[in-house]
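As the structure is a computational prediction, the values presented were derived from the model and not from experiment. Just so it is clear: chains get the letters A, B, ... in the order the sequence lines come, proteins before strands, and each one is counted from 1.
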Protein chains: 2
Amino acid sequence: MRILEAALDLFETQGYEATTVNEIAAAAGITPMTFFRHFPTKDAVLVTDPYDPLIAEAVGAQPVDLPPLERTRLGLLAALGEISAGEDATARRRVAIVARSPALRAAAAIGTEATQEAIVDRLVADGADRLDAAIAASACLAATTAALLAWGAAHADVTLAGLVRRALAQLAPVRS
Amino acid sequence: MRILEAALDLFETQGYEATTVNEIAAAAGITPMTFFRHFPTKDAVLVTDPYDPLIAEAVGAQPVDLPPLERTRLGLLAALGEISAGEDATARRRVAIVARSPALRAAAAIGTEATQEAIVDRLVADGADRLDAAIAASACLAATTAALLAWGAAHADVTLAGLVRRALAQLAPVRS
DNA sequence: GCTTGAATGTTAGTCGCTAACATTCGTGGG
DNA sequence: CCCACGAATGTTAGCGACTAACATTCAAGC
């Protein structure tokens with residue numbers, strides 16, 4: 001946790017790419033080597049995705065006769081309640097930092113690929129075509145990610161759940 | 001072009017991360033330094049996006065009273081003709097390599113961010129809300145990217161335009 | 001008290017990438 | 001025809017992320 005605090009502080013003051021893991025290690029009172037024993041990469045301090053199984057399950061719980069995109073969309077909305085509970089203070093700090101760095105957004109994109117894969121596997125297990133499933137999952141996750149990044153840059157009174165609902169509403173089959 | 005050929009060959013035989021730019025340079029008969037004078041980064045050999053203005057213009061050409069997602073969707077479909085003309089032989093090789101490497105997919109994701117930004121700017125210029133525009137553009141581009149990656153892994157007789165049409169059809173406002 | 005295992009440190013190295021400077025070489029003007 | 005100029009290439013040195021092999025500390029359990 002000392003590492004995480006030190007890293008967050010440094011990232012916020014001088015930016016992500018401008019701070020080296022040597023600096024982080026020094027600020028945390030450890031060796032650079034020790035940093036990598038706790039985080040496999042520099043970006044792992046900010047990018048973590050513990051929600052994949054939860055989301056995949058929520059998608060699978062939607063009616064099977066719906067098209068993949070609609071199942072994914074409703075599944076994400078259903079999972080939203082439990083996920084946005086994890087909206088602690090540091091979560092927003094982390095998202096804000098990620099939103100500012102292309103390298104970090106790329107790392108996050110790789111992270112959401114895992115989520116996409118979980119969803120796709122679930123959809124395919126219920127008989128969906130793999131490409132159709134990938135299209136549906138990636139579109140929904142992209143919209144959600146856009147909302148997430150906007151949340152990181154938004155004022156404190158804006159809620160993540162609201163933005164995500166707005167994002168997924170745009171993908172609803174019949175729009176006003 | 002010697003560099004590009006050498007890189008493509010090495011990437012295909014031993015994989016992207018397993019081949020160093022030293023190897024590429026040696027295979028092309030040059031110095032590592034010279035490699036970076038022609039390509040700013042190692043991934044620049046594979047990831048290039050010259051279509052941004054074309055796409056943004058196509059999106060802008062769609063009826064202004066449609067919602068952002070629909071404008072983007074139709075714009076991408078309209079631009080598809082001219083883009084898939086660039087389906088030369090090496091394009092597919094490149095996409096296939098990108099599809100296999102997480103690091104390259106991440107680099108490509110950053111590339112499509114530029115496209116997304118171009119689309120968003122165009123939509124915002126026509127009065128759309130910035131977040132709504134970002135959601136629409138990222139969802140459409142994610143679906144398109146899914147199709148592109150599938151194309152890279154598909155048989156030779158599968159056409160890119162067909163896959164993209166299928167991808168964007170799933171985002172149509174009223175589905176069967 | 002001794003041992004075991006986990007956490008940490010040390011050293012050295014690879015790879016992507018950059019900067020400062022030297023070198024070759026083909027082309028056009030004197 | 002020669003020289004000067006600029007473009008492309010090479011050389012050296014270095015930074016930063018990351019890894020591997022090995023040594024060290026240190027706390028808990030037998």
Checking contacts here: which listed nucleotide ([options]) is nearest the side-chain heavy atoms of [X]?
{"X": "I30(B)", "options": "dA17(D), dG10(D), dG16(C)", "value": "dG10(D)"}
{"X": "F36(A)", "options": "dA17(D), dT18(C), dA20(D)", "value": "dA17(D)"}
{"X": "R37(A)", "options": "dG16(D), dT8(C), dT10(C)", "value": "dT8(C)"}

Nearest-nucleotide wise, let me know which of M33(A) and Y16(A) is further upstream toward the 5' end of DNA chain D. Y16(A)

Reckon [X] has a side-chain N or O less than 4.0 Å from the OP1 or OP2 of [N]?
{"X": "T20(A)", "N": "dA17(D)", "value": "yes"}
{"X": "T31(A)", "N": "dT10(C)", "value": "yes"}
{"X": "H38(A)", "N": "dA7(C)", "value": "no"}

For residues 12-31 of chain B, pull every pair meeting ring pair (Phe, Tyr, Trp, His ring centres under 6.0 Å), keeping only residues two or more places apart or in separate chains. F11(B)-Y16(B)

If every non-hydrogen atom of F36(B) is compared with every non-hydrogen atom of V21(B), which pair is closest and at what distance?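 Reported closest heavy-atom pair: CE1-CG2, 3.8 Å.
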
Sugar-phosphate only, base, or nothing, as touched by P32(A) at under 4.0 Å among non-hydrogen atoms: nothing

Is T34(A) touching bases, backbone alone, or none of the nucleic acid, heavy atoms closer than 4.0 Å?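 Contact class for T34(A): sugar-phosphate only.
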
Here the side chain to side chain donor-acceptor pair (under 3.5 Å) pairs for residues 122-134 of chain A, sequence neighbours left out, are R71(A)-D126(A), D121(A)-R130(A), D129(A)-R166(B), D132(A)-R166(B), D132(A)-Q170(B)

After noting the C-alpha distance and the side-chain angles of E70(A) and R73(A), does the key distance pass the salt bridge (Lys or Arg N to Asp or Glu O under 4.0 Å) rule? CA-CA 5 Å; E70(A) 194 57 11; R73(A) 200 179 71 86; 2.9 Å; yes

